[in-house]
Structure formats: structure tokens, C-alpha cells
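Some notes on the structure that comes next.
It should be emphasised that the depicted structure is a prediction, and the values quoted were computed from it without experimental measurement.
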Amino acid sequence: MANKMKRTKYIFVVGGVMSGVGKGITTSSIGKILQSRGLSVTALKIDPYINVDAGTMNPTEHGEVFVLSDGYETDQDMGNYERFLNIELDRGNYMTTGLVYKTVIERERNLEYGGKCVQVVPDIPIEVIRRIRKAAKKVSADVAIIEIGGTAGEYENVLFLEAVRMMKIESPGDVITVMVSYLPTPSTVGEMKTKPTQHAVHLLNSAGIQPEIIVARADRPLDEKRKEKIAMFCSVRKEDVISAPDVESIYDVPLNFEKDCLSDILLAKLGLKGKKQNGSLREWERSVKRIHSATKEVRIGIVGKYFKTGDFVLSDAYISVIEAIKHAACAVDCKAVLTWIDSTEFEQDPEKLASLRQYDGIIIPGGFGSRGIEGKISVIRYCRENKIPYLGLCYGMQLAVIEYARNILGLQDAHTTEVNENTPYPVVDIMPQQKENMLKKNYGATMRLGQYKAKIVPNTIAHEAYGANSVLERHRHRYEVNPKYVEKLKKAGLVFSATSPDGVLMEIAELPKKKHPFFLASQFHPEFQSSLLSPNPLFLAFLEVCKKNRK
Ligand code: GLN
């Protein structure tokens, strides 16, 4: 619905006190409840890093690199927006400090500033505002929600806050700010403290911004006294302080927000007339109820190389995989219990492989490099030989092909040239274009990235799962199944059930159902396209079998 006269409203989401308390889920949930009022919504993420995109960041430190359909490598929050809002975002919805500076510097080099002195202020915030408005206009959004990384008071995001302040001066009625703050309850005091939030608001004030709404994150709901205190000392109305206690499932959050009438508050502040709740939250609510009431447990083992820094980091590095499992589990009325398994354990002690029998299914997700690889290959072999349902994602597919080549074709030492350049049987090899990039040491955004079409072979598990002859899924890899080995692998019984449209690149490998209950692995990352209301078909097919297979 292109409407040139449409006036977009902007909601900025900023953090206070500390990071990691759910700005991304808040942003996504605000979008969800506004959608349910009949508004068209888009979401943007601003990361204050110098990195131009997230592609070169280490997932174990920064969390997963989420790939958009246009191939842009972004922050995991973009995945949350897509999953909650069921919309497709593109590179225009993401920016970093590095990207903004890069654009301004390039423009200066092209004489686009007409000889004037280009300054950090106002030229950097002006570029930020230009990008925000452009992204909103592109999809003709009623509301654009923009999450600013970091917290108030940090040096790094000052120029983005300056953009908020400037936008608000330009169009005061169109811009509001939501602060997501944290209220600790120190165990020695036993009482929830509002002081850090008061300080955070004062820091935001010193950047020239007064938040209209405060989302109060805490381990428990906010009581009246605390609401009053925040209202009084942070200059907001009491009803604009939203209680956001910890929840069992992130998908509870939009429903909780509506308990505090947040969409009504937002509409009133932005001067928008939304429709009555249009029922789309009801479907969501039904799914959320299913998440809570599911009693049948399916036990899924996720095998990778992991740094022993606790589950928090792990779940951030594989968030799309975890969410895709949860979506599919919800659809088959089960509760997925995930166990992280370090593949190096099996290298030290192969006897341990027998412990895999306790799982209803095993997943090997994407990865890079050589650590833990032999362990993963022996896990795949064990799953194949012992008929444990197996789902491989990207590296998990390449390693399945290597395992098959070694143990069925008898090509000892078959490998990927990523790990062993001199393997006699390079069954997984680098693509020529990628080789050039590697020689030039050009690593940023040089993989096969983003959405590509795959053609699906009839009468296969993949075809049954997708119910279609082709599918668009997202990629992020440098290496491919080597076309030279495809015929041999096929003859030995491996089924390539999806390929690139020209048939050259292998997209899915599987074993026929009569040989194995579920053995399927994809070169693409199906986890990047899954949501609560439409789980990814491959995860769904896998979870159905895991459910049947329950121990
Ligand atoms: N390391 C492999 C490649 O680059 C797989 C990548 C991945 O799993 N995302 O091709």
C-alpha cells in the first residue's frame, strides 16, 4: 500500500542501567502489539560498533550473526524482529557506527558536501536520521521502531541519541522514546530498587531526551509503590511505567505489555488511531498457551564446539536454532529440552558416543574451522548407524557428506579443504569466487550469503516437508559439496534432495526413509526463516520424527 502522504511515527527504544535485559524483545513486542492494532510496522537496529556489519564478529562473544534475505550480516536482534513481526527486513534496517561513518566519509570524498567542513555533529546524526527515514519510507510504515544498542550514559551511542533529539525537534509529535531499564532486588535488602533507573533517566535527560515510557525489567512484577516512585522521580505518568517481569517464554512479552494497555498508550502518544485488537494476537496467544501447557518432552542434543562460559553465551550464539526448535516443538505440542554437547568429548573418549542414545534427536549446527570436527563426524556416523534422527545445518551438512564419503564410499581421509587442504578426497571444497576472496584476504561479506532458490526433488523427505518444488532459504558459507563427488555419493545411496536451480550446488542431503527414520542436512540455514506462527518446515519434520521417537 504505497501512500506518499503517509506520515511515519518513530519509537526509539533505548537502554538504561545495563544491557542484556531485553531491549530487542521489547522492540519486537512493541511492534507486535502495534501490528495487532492494524498498523504497518518496521524495525531498525543501531549497533554502536566500528564494525561495518556483524559478519566479522565472533558469535561466542557477540552472539549469533543473523543473515537477512538480501545477504546482509547483522545482529541477532534482527532475527527477533523478523520472528515476532513476520516481516522481511533488509540492509536498510541495520546500521553500525562504522557504516554511518563510512557513508559520510565516502560522501565527503565524492565532494557531496559542497566544500563545507564535515563535522561529527551534526553530520553523523543527520546521516543516521536519513537512514531511519529511508527505511520507514521504503515500506511505507505507519510506525518505525528503532532500537539503539548500549545504554544511556555510554560514550559510544551518544551520536545516535543526538539523532533522536534532533528528530524530536524536527517533528515533536512523531517521535517518542521508550527506556528499557532494570530494577534490581539486592538479596541483602530484599526490596526492589528504583534508584539505578532514576540515574539512567537523568543520564538520558543530559543527552536532551525525556523518555515518554519506561519499561521496568525486573525479576518480578512492579508494585504500585515502585511505579509511583519511578513516575515521580523520572517525570513520567504512572500509567506510562510498564511492568516487565522475567517470563518463561519471550513470546509472553507482547501479551504482558497489553495487560498494561501499552498499545493504547503508544497510539495516544503518537496521535494514531489504531483499530481495535484485530484478533491477530489471539492466534499468538493460542500458541503461547501451547508452549506453557506442553508436557511431552523431546530431548534434543546440539553438538558443537563450545567454550565453557555458561549457557547464556551458548544460547546467544545459536539463538535462531534454539527458536526454530521451539517453534516446531510448539507446533507438535511438545516441550523441547535442549542439551549442549561438546564434540571434543567424543574425540577423547569414543565410548561416550553411546550416551547419544538418550536423545530423541541430534542437531549439528553451523560452524567454522577445525576444532571438534572429528568428534562431530563420529557423532554423525553414530546417528546414521543407530538410526537416531539427525538434522545438520550448513557445516552439519558438509560433515555428513564427509562421513558418508569416508565410511560408505571408503574414501579414507575424505575431508573439507577448510580443514585439510591436502586431503586426497576433497568432497567439500571452496568455490572459485571464494578462493579469490581468501587470497586477497578479503573476509567481510564475501561468503555465499542470503537467500537463494533451491529446487527440490519429488518423493523425498525435503519435498514432503516443504510441500513444494522449490524453496528460498538463507545461506552463509564459503565451501560446497564438490560436484566431482556427487555422482559417487548418489550411487552409494546418499540422496541430494535439493540443489541450486542449475543443479550444480547441493542444498540438501538425506537418507531414504526406509533406511533411516530421519537423516537430513541442509547447506542453507533453515533456522533463519522460522517463527512461532510459521515454523520452518525442516525443523517441523525433524521434531515430528523426534516426537514419534521419544524414549
Ligand atoms: N565453514 C563452512 C563453510 O564456510 C560452513 C559454514 C557454516 O556452517 N555457516 O562453508
Requested in this report: Give a yes or no answer on whether the side chain of E283 reaches the backbone of L533 with a donor-acceptor pair at less than 3.5 Å.
Outcome: no
**Report entry** Salt-bridge criterion met for E527 and R474 (N-O under 4.0 Å)
**Finding:** no
**Report entry** Carboxylate-amine/guanidinium contact E224 K238, below 4.0 Å
**Finding:** yes
Query raised in the report: Y452 ring centre to R448 NZ or CZ under 6.0 Å, with the angle to the axis within 45°?
Result: yes
Requested in this report: Could you tell me whether E73 and R476 make a salt bridge, using a distance below 4.0 angstrom between a side-chain N and a carboxylate O?
Outcome: yes
Query raised in the report: Taking it one step at a time, do F84 and W284 satisfy side-chain contact (heavy atoms from CB on, under 4.5 Å)?
Result: CA-CA 10 Å; F84 273 66; W284 184 271; 3.8 Å; yes
Query raised in the report: Is a donor on one side and an acceptor on the other found under 3.5 Å between the side chain of T97 and the backbone of P48?
Result: yes
Requested in this report: Salt-bridge test for E191 and K225: reply yes if a basic N is under 4.0 Å from a carboxylate O, no otherwise.
Outcome: no
Query raised in the report: Does NZ belonging to K137 count more than 12 external heavy atoms closer than 6.0 Å?
Result: no
Report task. Decide, yes or no, whether a salt bridge links D264 with R37 under the criterion of side-chain N to carboxylate O below 4.0 Å. Result -> yes
Report task. With the side chain counted from C-beta on, respond yes when I129 and E170 share a heavy-atom pair under 4.5 Å apart, and no when they do not. Result -> yes
Requested in this report: Please determine if R217 and D246 form a salt bridge, counting it only when a charged side-chain N lies under 4.0 Å from a carboxylate O.
Outcome: yes
Query raised in the report: Does the distance from a Lys or Arg side-chain N to an Asp or Glu carboxylate O, for K9 and D142, drop under 4.0 Å?
Result: no
Query raised in the report: Is a salt bridge present between R109 and E106, judged by a nitrogen-to-oxygen distance below 4.0 Å?
Result: no
Query raised in the report: Do V128 and I46 have side chains that get closer than 4.5 Å, going by heavy atoms?
Result: yes
Requested in this report: Mark yes or no for whether T8, through its side chain, and A141, through its backbone, hold a donor-acceptor pair below 3.5 Å.
Outcome: yes
Query raised in the report: Within a radius of less than 6.0 Å around NZ of K134, do more than 12 heavy atoms belonging to other residues, nucleotides or ligands occur?
Result: no
Query raised in the report: Between N536 (side chain) and Q529 (backbone), is there a donor-acceptor pair under 3.5 Å?
Result: yes
Report task. Would you mind checking if D240 and K227 are paired as a salt bridge, meaning a charged N to carboxylate O distance below 4.0 Å? Result -> no
